[in-house]
Asks: 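Have a look at this one before I ask anything.
Values below: all heavy atoms of this structure, side chains included; hydrogens, waters and symmetry mates excluded. Each chain gets a letter, A, B and so on, in the order the sequences are listed, and its residues count up from 1.
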Amino acid sequence: MYAQMIKSTGQGVKTLDEMEPQERAFQERIDAGGKIEPKDWMPEGYRKNLIRQMGQHAHSEIVGQLPEANWITRAPTLERKAILLAKVQDEAGHGLYLYCAAETLGITRDEMTEQLLSGKAKYSSIFNYPTLTWADMGAVGWLVDGAAIMNQVPLQRTSYGPYARAMVRICKEESFHQRQGYDIMMKMAKGTAAQKRMAQDALNRFWYPSLMMFGPSDAESIHSAQSMAWKIKMNTNDELRQKFVDQTVPQAEYLGLTVPDADLTWNEEKGGYDFSQPDWAEFFDVLKGNGPCNTERLAARQKAWDDGAWVRDAMMAHAEKRAAQKVAAE
Amino acid sequence: MSSSTPEAPSRSGEWPLWEVFVRGQHGLSHRHVGSLHAPDAEKAILNARDVYTRRNEGVSIWVVEAHRIAASAPDDKGPMYEPSNSKVYRHPTFFDIPDDVRAM
């Protein structure tokens, strides 16, 4: 969900009978809840699909630092500033856990960075929306991290060992992120009329982009069917979106805020809310690079990469010089 | 039986990959937590502090360059580990000790 629209083999899911013995043994291990580890045999499609998904997930964590970093210097109190710094630092950490897990599949870090900067690899659509006010820090933590958790908790059981282990660490930390966001929203929703207006405005702007994070309905998608057979996707997009809405609406009610959806109603029969779909044309447009902040986000990553080049080179040169001196002294 | 030692990477300009091991608070062994890139061991430990111990996860860090780790091959899983399955007498529960003997 930080990974959206991941393409799989496009071949459809093979039955066990259609598989060669090696692939059948692989699939049976996954069906039995076993883990696949880096050196184990795996179908090429599984490897490629995972690299794409984990790369997109990692890039989302890294780009996801930018909308929040925007407010670090303007946080309303020193405590809020320290909390926000810690959260943004966590996002960097999440990106690094995921990059290192993806590297076990045979892609290098530099290749992944190159794919992000060239636009070949995507990151979540949500980070192409601007953070205009301090209340957006609340909405991002509450809604965006809340939506991410919906997807990441089941991914702790994903079939690829290094990915599952990275998810365990990430989930522990995401819980802090969501709570700090809700804490900001509570403060503002109970504050002055102007603060409450800001909180409502943040919810209005982030509600539909958050629903988009789950991706369009994929009940019919062959890509999703394959990913689910391989247990690198655990639920359909619609299942997770429904779960998110059901959990979030009462939280909005507690805040005294209104979810910006006139058609939102409780459906007793299904035991969940009926709600409006986001504008999927907008979603595809943002993915294509036409969101409000796509250009700015990629430019920031490119600048960081370029400006950091001399530091990376200098540190490597220093390490090599010291290693050579050590050898000479021995 | 084979073991695999990955070849030293020859990546242009990319910092080497280090595997990170952290010892938790309570006297347990160092445990593998993940990996990261760093130019040398000293920086690898500093980076590991920031990436893997932001919440008191440990009191000691080991780092080792990833290509220096030798590992058993997955294909050898059978010959390597199955022989011990039949040696049930290696477990204390194999032996019936009468209750009269009391604590043992």
Asks: Select one option (side chain, backbone, both, neither) describing which atoms of A/Arg165 are under 4.5 Å from chain B's heavy atoms.
Replies: neither
Asks: Surrounding CZ of A/Arg179 (heavy atoms of other residues, nucleotides or ligands, distance under 6.0 Å), is the total greater than 12?
Replies: no
Asks: What do you reckon, is CG of B/Asn56 surrounded by more than 12 foreign heavy atoms closer than 6.0 Å?
Replies: no
Asks: Might you confirm whether atom CD of A/Glu20 has over 12 heavy atoms from other residues, nucleotides or ligands at distances under 6.0 Å?
Replies: no
Asks: At a 4.5 Å cut-off on heavy atoms, which part of A/Glu37 comes close to chain B: side chain, backbone, both, or neither?
Replies: neither
Asks: Looking at A/Leu78, I'd like to know if its CG atom is crowded, meaning that more than 12 non-hydrogen atoms belonging to other residues, nucleotides or ligands lie closer than 6.0 Å.
Replies: no
Asks: Considering residues, nucleotides and ligands other than A/Glu79, do more than 12 of their heavy atoms fall under 6.0 Å from its CD?
Replies: no
Asks: Rounded to the nearest 0.5 Å, what's the gap from CE on A/Met315 to NZ on B/Lys43? Could you check?
Replies: 5.0 Å
Asks: Just wondering, more than 12 heavy atoms not from B/Lys87 lying within 6.0 Å of its NZ?
Replies: yes
Asks: Does A/Lys48, at its NZ atom, have more than 12 non-hydrogen atoms belonging to other residues, nucleotides or ligands within less than 6.0 Å?
Replies: no
Asks: Can you name the closest pair of heavy atoms from A/Arg322 and B/Asp40 and give their distance?
Replies: NH2-OD2, 4.4 Å
Asks: Which heavy-atom pair separates B/Ser35 from A/Cys100 by the least distance, and what is that distance?
Replies: OG-CB, 3.0 Å
Asks: Is the closest basic N to carboxylate O distance between B/Arg55 and A/Asp90 below 4.0 Å?
Replies: yes
Asks: Closer than 4.0 angstrom, basic N to acidic O: yes or no for A/Arg169 and B/Glu57?
Replies: yes
Asks: Are side-chain heavy atoms of A/Tyr99 and B/His37 found at a separation under 4.5 Å?
Replies: no
Asks: Minimum heavy-atom separation for B/Leu17 to A/Glu103, with atom names?
Replies: CD1-OE2, 4.1 Å
Asks: Is the closest side-chain heavy-atom distance between B/Pro16 and A/Met316 below 4.5 Å?
Replies: yes
